[in-house]
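Take a look at the structure set out below.
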2 protein chains.
Amino acid sequence: MAKRHLSLKDLASELNISISTVSRALKNHPDISPELTRKVQELAAARHYVPNPLAMGLLKQETKMIGVIVPDLVTHFYSSVISGIEEYAKNRGYFILLASSYESMEKEIESISNLLKARVDGMIVCLSKETSRFDHFLQLIENEIPLVFFDRVCLTELVPCVVADNRNSVEKIVSHLKEEGFKRIAFISGPAYLSISQERIEGYLSGLKKSGLEFDPDLLQSCSMLTEEAIRITDSFLVLPNPPDAIFAINDMVIFTVMKELKRRGIKIPEDFGVVGFADEFHATFSSPELTTITHPTWEIGLKAAELFFKKMEDPTFAETVVLKTTLVARESSKKLKIKN
Amino acid sequence: MAKRHLSLKDLASELNISISTVSRALKNHPDISPELTRKVQELAAARHYVPNPLAMGLLKQETKMIGVIVPDLVTHFYSSVISGIEEYAKNRGYFILLASSYESMEKEIESISNLLKARVDGMIVCLSKETSRFDHFLQLIENEIPLVFFDRVCLTELVPCVVADNRNSVEKIVSHLKEEGFKRIAFISGPAYLSISQERIEGYLSGLKKSGLEFDPDLLQSCSMLTEEAIRITDSFLVLPNPPDAIFAINDMVIFTVMKELKRRGIKIPEDFGVVGFADEFHATFSSPELTTITHPTWEIGLKAAELFFKKMEDPTFAETVVLKTTLVARESSKKLKIKN
DNA sequence: TCCGCGTACGCAAAGCATTGCGGAGAAGAA
DNA sequence: TTCTTCTCCGCAATGCTTTGCGTACGCGGA
């Protein structure tokens, strides 16, 4: 119902000159006399003329829109990354078109199709937890549509990626727990085909080795990231003949569920059990006890992903993977030693 | 760098027919013979032809995009509402263009301008906490650009709005705390010009009256929603000659800050102090003690806002305000009586 | 044989901005 | 006076789709 927007034609007819002259005057083309240029620019400013992006898009074959697909919007990690992407994109005059995969590969494919219909210039994606095949992304690559992955990645030879230093993060967790006096460290990982699961498991194994702890397969479990399964796995750890005395998990949802289950069973954190998560500041500091956690530079992941996106636009062969450092913030949930003192 | 997209022209030349014939065949126009229609549709399907939305937009003067402006993305409440909006919009073939005001009126105005440049068909907005003047929205209304507000609203005579039942919510909180045995109930509200602040203060006053508690101005404070101020106000309550024994606050950020400050000072919740928030499920259940809270139907707010948006598109005079019911979920943080038993 | 009508399709304009090229007009030179 | 040249601006095509209107062809009836 909105009124028709102002166009070059309107300005042209108001000044009794041609559309092309208006267009040129607005970009200070030397062919247009200074006086006329001034007059046109003044009128355009007064009327708040803005070029029609649809027309520009049609002409330039670009929409200045970036499709962003995340597993969900409500998880702090993703919304924070999106904020970062948006910030960078905005400064380059680009907009973000948002789509959720709801952790479903089917919806992920559907989202790609939707974004393609909207003619986005490219996409920035975090894989759904179900995504074990990558045909849909290969198709994008074949069509030379710029693509960037973050966090959960794949096809790293072809696609620029932004990831946290997962391996090192987990090593930090293991060595921290070891130093705090925990000896049997359990890890609840995610689906096996996810890059973050694989890297963190590697870090778990190498971390154990470095810390001189031995690996017990019983203490490493994959989790679909559902609440019920997190509870089930936690319980299964507790009934082990030789149960763990510390635990960390792949995301905040899982680790908070674990904490809740431990508390429900009267197990004291950190006295009886050390707990560490991959979580965001907000959650970690408001939990009780405050959660020791690896913090991702979420905002920076978003900025970097956007930056890589624009690089990829300029250079289709670009496919660098940027690894961002994480920080282990030691809080109460892992402070066994301090408590003992 | 993406390849040129497939157009009607491509299909037409491949079949040696005119563009208009292809266009008509695709929409089963009776002028086109059944065989040709079939041939065209088969080719279009094989080539995955999708009409160019830019061309359509140019023609129809619409972009099928809705601008959404929220104070920030990382707050669960907003991201959840956005999810709801996105869901509804997607099913109607619309996309969402996201913009953050970062709680700043200046950025809010800038976002509106940006979205206008992108030629969104309309906007769904939650006011920034700074927004005390509404000229920028009046301008949208003058230009007949469909607009819907949610949560923090204004100009309700002109604009459809979706809000939670704030007054009733607060009455529920007050009566709940009263029943649990708390007698001096403090409230940390938000900036005075925000609709949610006003309505909740009204609910606070009427709730006190209904519960037979008297109003003490010392126990009602406005807060800019910054951590430092939440701490300052909490402290100021505690040094009152006649301090409160319960508290609730306008959002989860504030209430968790309050809880943390209370705990830091060794005050026991809920034994010494009852605490209630306006917060989301996730945070509330993972805090310790678990937080008694008013839960907003966030997803539904988003769905409803989108629904009203489409109504507003059809009927420019439409300006209904929809009030959604909230629920008080009683958890540990307010269970004084249970503890005593 | 010719008219009329229906069938099945093509032309072109509109929506908007950009840009190569052509052209009108003026001023200077011969 | 006439030709050249430069300045300054307009025409038209391009990108893509929709749709009113025009048209070619075929067939039946007179």
Side-chain angles (χ1 to χ4, degrees), chain A residues 1-41 43-45 47-65 93 116-121, chain B residues 1-41 43-45 47-65 93 116-121:
Chain A
M1 300 295 116
K3 287 181 193 166
R4 230 193 76 256
H5 287 274
L6 194 74
S7 74
L8 283 185
K9 187 196 277 187
D10 301 319
L11 298 179
S13 71
E14 186 155 348
L15 292 170
N16 282 314
I17 56 179
S18 78
I19 294 174
S20 32
T21 302
V22 177
S23 174
R24 288 195 174 89
L26 289 177
K27 24 180 67 63
N28 292 308
H29 194 288
D31 266 11
I32 309 299
S33 67
E35 314 96 275
L36 188 53
T37 296
R38 192 186 47 76
K39 262 181 27 186
V40 170
Q41 293 189 350
L43 182 67
R47 294 272 189 287
H48 299 103
Y49 168 75
V50 176
N52 188 319
L54 296 168
M56 296 292 292
L58 212 50
L59 200 63
K60 301 280 182 57
Q61 292 293 316
E62 62 177 26
T63 55
K64 300 220 169 231
M65 295 194 303
L116 242 29
K117 282 182 195 155
R119 293 289 201 274
V120 292
D121 290 341
Chain B
M1 302 298 116
K3 287 180 195 167
R4 228 192 79 255
H5 287 276
L6 193 74
S7 73
L8 286 184
K9 187 195 277 187
D10 301 318
L11 299 179
S13 70
E14 185 155 348
L15 292 170
N16 282 313
I17 56 178
S18 78
I19 293 174
S20 33
T21 301
V22 177
S23 174
R24 288 194 174 89
L26 289 178
K27 21 181 69 64
N28 292 308
H29 194 288
D31 266 11
I32 308 299
S33 67
E35 314 96 278
L36 188 53
T37 297
R38 192 187 46 74
K39 262 179 30 183
V40 170
Q41 294 188 351
L43 182 67
R47 294 272 188 287
H48 300 102
Y49 167 76
V50 176
N52 188 320
L54 296 168
M56 296 290 292
L58 211 50
L59 201 63
K60 301 279 183 58
Q61 292 293 317
E62 62 177 25
T63 54
K64 300 219 170 234
M65 295 193 303
L116 242 28
K117 281 182 197 155
R119 293 289 201 275
V120 293
D121 290 343

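First the proteins, then the strands, lettered A, B, ... as listed; each starts at 1.
- Put simply, OG1 on B/Thr21 and CG on B/Leu11 are 12.0 Å apart, with the number rounded to the nearest 0.5 Å.
- Closest approach to the A/Leu59 side chain among C/dG10, D/dG15, C/dT19 is made by D/dG15 (side chain taken as heavy atoms from C-beta onward).
- One finds no side-chain N or O of A/Lys60 lying less than 4.0 angstrom from the OP1 or OP2 phosphate oxygen of C/dA17.
- Contacts of A/Lys27 with the nucleic acid, taken as non-hydrogen atoms under 4.0 Å apart, involve only primed sugar atoms and P, OP1 or OP2.
- At D/dC16, none of the side-chain N or O atoms of B/Tyr49 fall inside 4.0 Å of OP1 or OP2 (strictly under the cut-off).
- When distances are taken from the side chain of A/Ser23 to each of D/dG10, D/dT17, C/dT18, the shortest belongs to C/dT18.
- Atom CG of B/Asp10 and atom C1' of D/dT14 are 14 Å apart (whole Å).
- In terms of polar N and O atoms assigned as donor or acceptor, the side chain of A/Ser18 never comes within less than 3.5 Å of the base of D/dC11 in a complementary pairing.
- Ion pairing between a basic and an acidic side chain is recognised when a charged N comes within 4.0 Å of a carboxylate O; A/Arg47 and A/Glu14 show such pairing.
- One interatomic measurement links the two molecules: CG of B/Leu8 to P of C/dC9, which rounds to 16 Å at whole-angstrom precision.
- Across all strands, A/Leu54 comes closer than 4.0 Å to no nucleic acid atom at all (heavy-atom distances).
- The distance from atom CG of A/Leu26 to atom C1' of C/dC16 is 13 Å, rounded to the nearest whole Å.
- Remark: C1' of C/dA8 and CG of B/Asn16 are 16 Å apart, rounded to the nearest angstrom.
- One donor-acceptor pair, N or O on each side, does fall under 3.5 Å between the base of C/dG20 and the side chain of A/Arg24.
- Of the candidates C/dA12, C/dC16, C/dT19, C/dC16 carries the atom nearest the B/Gln61 side chain, counting heavy atoms from C-beta on.
- Taking only side-chain atoms of B/Ser20, from C-beta outward, the nucleotide of C/dG15, D/dT19, D/dG10 with the closest atom is D/dT19.
- At whole-Å resolution of the value, NZ in B/Lys9 and P in D/dT17 are 10 Å apart.
- Considering only heavy atoms from C-beta on, B/Leu6 stays 4.5 Å or farther from B/His48 through its side chain.
- Within residues 31-38 of chain A, no residue has a heavy atom under 4.0 Å from DNA chain C.
- Annotation: the span from B/Leu54 atom CG to B/Leu59 atom CG amounts to 12.5 Å, rounded to 0.5 Å.
- Of the listed nucleotides (D/dG10, D/dC16, C/dG10), D/dC16 has the atom at the smallest distance from the side chain of B/Ala55.
- Within the 4.5 Å cutoff, side-chain heavy atoms of B/Val40 are placed close to those of B/Ile17.
- Atom C1' of nucleotide C/dG15 and atom CD of B/Glu62 are separated by 13 Å, given to the nearest angstrom.
- Side chain of B/Asp121 to backbone of B/Glu62: no donor-acceptor contact under 3.5 angstrom is found.
- Between A/Arg119 and B/Val50 the shortest side-chain heavy-atom distance falls below 4.5 Å.
- Rounded to a whole Å, the NE2 atom of B/His29 is 12 Å from the C1' atom of D/dC21.
- Comparing C/dG10, C/dA17, D/dT17 against the side chain of B/Ile19 picks out D/dT17 as the nearest.
- Side-chain contact between A/Tyr49 and A/Asp10: absent, with no pair of heavy atoms (C-beta onward) separated by less than 4.5 Å.
- Atom CG of B/Leu58 is separated from atom P of D/dT17 by 12 Å (rounded to the nearest Å).
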